[in-house]
Amino acid sequence: MATDTFLNFIGGRPADSSERMLDVNPSNLADVVGEFASAGAAQVCDAVAAAREALPGWAGATPQQRFDVLDRAGTEILARKEELGRLLAREMGKPLADAIGEAGRTGSTFKYFAGEAVRGHGEIFDSVRAGIDIEVRREPVGVVGLITPWNFPLAIPAWKVAPALAFGNTVVIKPADLAPASPWHLVDILQRAGLPAGVLNLVSGPGPAGAALAASPGIDAVSFTGSQAVGAAVAQAAVRTGARVQLEMGGKNPLVVLDDADIPTAVRAAVNGAYFQAGQRCTATSRIIVTAGIHDRFVDALIARLKQLVIDDALKPGTEIGPVVDERHLLKSLDYVQIGVREGARLVHGGARLTRSAEGYYLEPALFVDSTPAMQINRDEIFGPVAAVIRVRDYEEALAVANDTPFGLSAAIATTSLNYATHFKRHAKVGLVMVNLPTAGLDYHVPFGGVKKSSYGPREQGASAREFYTTVKTSYTAA
């Protein structure tokens, strides 16, 4: 069977390159999703130039014109969510039901920001001086570079592209090389929805393409989602050119389980947060902090649920956990399992590579107990289906351990106490707090982001997105 070829998209036209990369199904390594043009620095430069040329026209478009494009795109995405979800599941291993859900969320995100395009964001002030009127308005920041990850290849591009376009910016997007098909189709849908040439440009490729985009002097703002190490390099490059920077860089997210917790609720939160999507979420639960009175009963119930999990091809009905995305991430998770064993934590479930009917990157979810906060498995972001239980005396110690991390993205608590839940919401040093819910799982219409080393810059999503994608101009007029 011939492999489909997908080109980059620059200035309203397909753009080929001398380098190509393969997109392979991690559930079945014999299945090649497609062959993608791989951009170099020269193509990135061309894409930035095209976005710069298109900026005056799109920035000057009416709110209704922007609304119409985003709304049409959202409508098509929702109509095709099963098809797009199947593609997503095939290229990165997310179970089909979750992948279809992500596609639906993507369509809703474009619908939401279509509304933001026509919603008024200006203000009128009375001056403290007589005879002067003051107008404050928001204008697009300019040409925006977007560097997006592979783990949410529709949703994260959507929550960056949609507000950028809604507020009048032009865009160059560099999606992750591990999952380029979903963002390619997203750009295709938006182009057919009526975007003028050059407003949205796509340059697929490995790390050097992203580095070239972050360092481009033609970029006014860079929004990045990925690892902490790469995020720091992106920020340094962007700051040197004077570009605005927004970074989302992961977490080491705790779930606190108190003695008064409902055990089935706590187990559901732990399994979903730590292991669904093979733990490949920046909001995934990595540390499970359990008070002494409930510890043994909770661990027994958690192990029993882990033994029931269906781990298989992402496209098979009933699959709860698919493969990890590639061999490098599989080996990294296996390495951390061995690190945990060497550190003295006790591996009570999983941690081995699995075989299925087709060759893929399957890993049995790993659970450690008898771990301590200082262990490497409780300090590093693993980004795989590996979690560790930390036993603590009481709520006060649990809160202290939860906050003892350089990250600060998401935290959850399982409790039936309103007092503990309220205190935790106020004192957990994170950007997202969940009560009797997994650490992962977000709504598209409210702010997303963390504190400490998890995030840098304004929040993403919801009305907060305008803080990054617009700049404020204040005008004074003598009456």
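How far CZ of R80 is from CG of L87: 9.0 Å, rounded to the nearest 0.5 Å. Interatomic distance, F407 CZ to C282 SG, rounded to the nearest 0.5 Å: 11.0 Å.
A donor-acceptor pair under 3.5 Å is formed between the side chain of N403 and the backbone N or O of H427. When atom types are taken as modelled, the side chain of E91 and the backbone of A181 share a donor-acceptor pair closer than 3.5 angstrom. At least one donor-acceptor pair under 3.5 Å links the side chain of N151 to the backbone N or O of Q280. No side-chain donor-acceptor contact under 3.5 Å links W150 to the backbone of D177. Between the side chain of D259 and the backbone N or O of G293 there is at least one donor-acceptor pair closer than 3.5 Å. Using modelled atom types, one side-chain atom of E102 and one backbone atom of A155 make a donor-acceptor pair closer than 3.5 Å. For T415 (side chain) and Y420 (main-chain N/O), no donor-acceptor pair under 3.5 Å exists by modelled atom type. A donor-acceptor pair under 3.5 Å is formed between the side chain of S27 and the backbone N or O of A314. A donor-acceptor pair under 3.5 Å is absent between the side-chain atoms of D31 and the main chain of N25, judged by distance alone. Panel note: side chain T148, backbone P157; no donor-acceptor pair is recorded below 3.5 Å.
M249 places none of its side-chain heavy atoms less than 4.5 Å from the side chain of S455. You'll find the side chain of Q277 reaches within 4.5 Å of the side chain of M92, heavy atoms only. The shortest side-chain heavy-atom distance between I390 and I288 does not fall under the 4.5 Å cut-off. Contact of the E248 side chain with the F448 side chain is registered, since non-hydrogen atoms from C-beta on lie closer than 4.5 Å. The side-chain heavy atoms of W184 and S204, taken from C-beta on, include no pair separated by under 4.5 Å. Residues S464 and P458 are not in side-chain contact: their nearest non-hydrogen atoms beyond the backbone lie 4.5 Å or more apart. Between K332 and V324, the closest side-chain pair of non-hydrogen atoms is not below 4.5 Å. Considering only heavy atoms from C-beta on, H185 stays 4.5 Å or farther from I77 through its side chain.
Looking only at atom types and distance, the side chain of T225 has a donor-acceptor partner in the side chain of K160 under 3.5 Å away. Of the N and O atoms on the side chains of D326 and H329, at least one donor lies less than 3.5 Å from an acceptor on the other residue. For the 3.5 Å distance criterion, the side chains of T439 and T285 qualify, holding a donor opposite an acceptor. For the residue pair N253/S286, the side-chain donor-acceptor check at 3.5 Å is not satisfied.
Residues D71 and R66 are not paired through a salt bridge, judged by the lack of any N-O separation under 4.0 Å between the basic side chain and the carboxylate. By the 4.0 Å N-to-carboxylate-O rule, D98 lies too far from K94 to be salt-bridged with it. Using a cut-off of 4.0 Å between Lys/Arg side-chain N and Asp/Glu carboxylate O, R305 and E320 are scored as salt-bridged. Using a cutoff of 4.0 Å between basic side-chain nitrogens and carboxylate oxygens, K473 and E139 are scored as salt-bridged.
Enclosure of atom OH in Y395 by more than 12 non-hydrogen atoms of other residues, nucleotides or ligands within 6.0 angstrom is indicated. No more than 12 heavy atoms of other residues, nucleotides or ligands shown are found within 6.0 angstrom of NZ on K429.
Annotation: cation-pi pair K111/Y444 absent, no NZ/CZ under 6.0 Å from the ring centroid and within 45° of its normal.
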Legend entry - Residue pair I156, E460: steps toward the side chain to side chain contact (heavy atoms under 4.5 Å, CB included) verdict: CA-CA 10 Å; I156 292 180; E460 297 197 270; 5.7 Å; no
Legend entry - Worked check of side chain to side chain contact (heavy atoms under 4.5 Å, CB included) between V433 and V430: CA-CA 7 Å; V433 178; V430 292; 3.6 Å; yes
Inset, instruction - Please test H445 against W159 for ring-ring contact (aromatic ring centres under 6.0 Å, His included), starting from the C-alpha separation and ending with a verdict. - result: CA-CA 10 Å; H445 67 302; W159 81 47; over 10 Å; no
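For the residue pair V369 and V299, the shortest heavy atom distance occurs at CG1-CG1, 3.9 Å. Looking at every heavy atom in both residues, V203 comes nearest to K174 through O-CG, 3.1 Å. Shown here for T319 and G322, the closest heavy-atom pair between the two residues is CG2-N, 4.1 Å. Between L432 and G449, the closest heavy-atom pair is CG-O, 4.0 Å. When all heavy atoms are compared, the tightest approach of P365 to I321 is CG-CD1, 3.8 Å. Listed here is the closest heavy atom pair of P254 and I289: CB-CD1, 3.7 Å.
Side-chain rings of F167 and Y469 stay apart, their centers remaining 6.0 Å or farther from each other.
Screening R138, H121, R137 against T470 for a side-chain hydrogen bond (donor to acceptor under 3.5 Å, both in side chains) leaves a single residue, R138.
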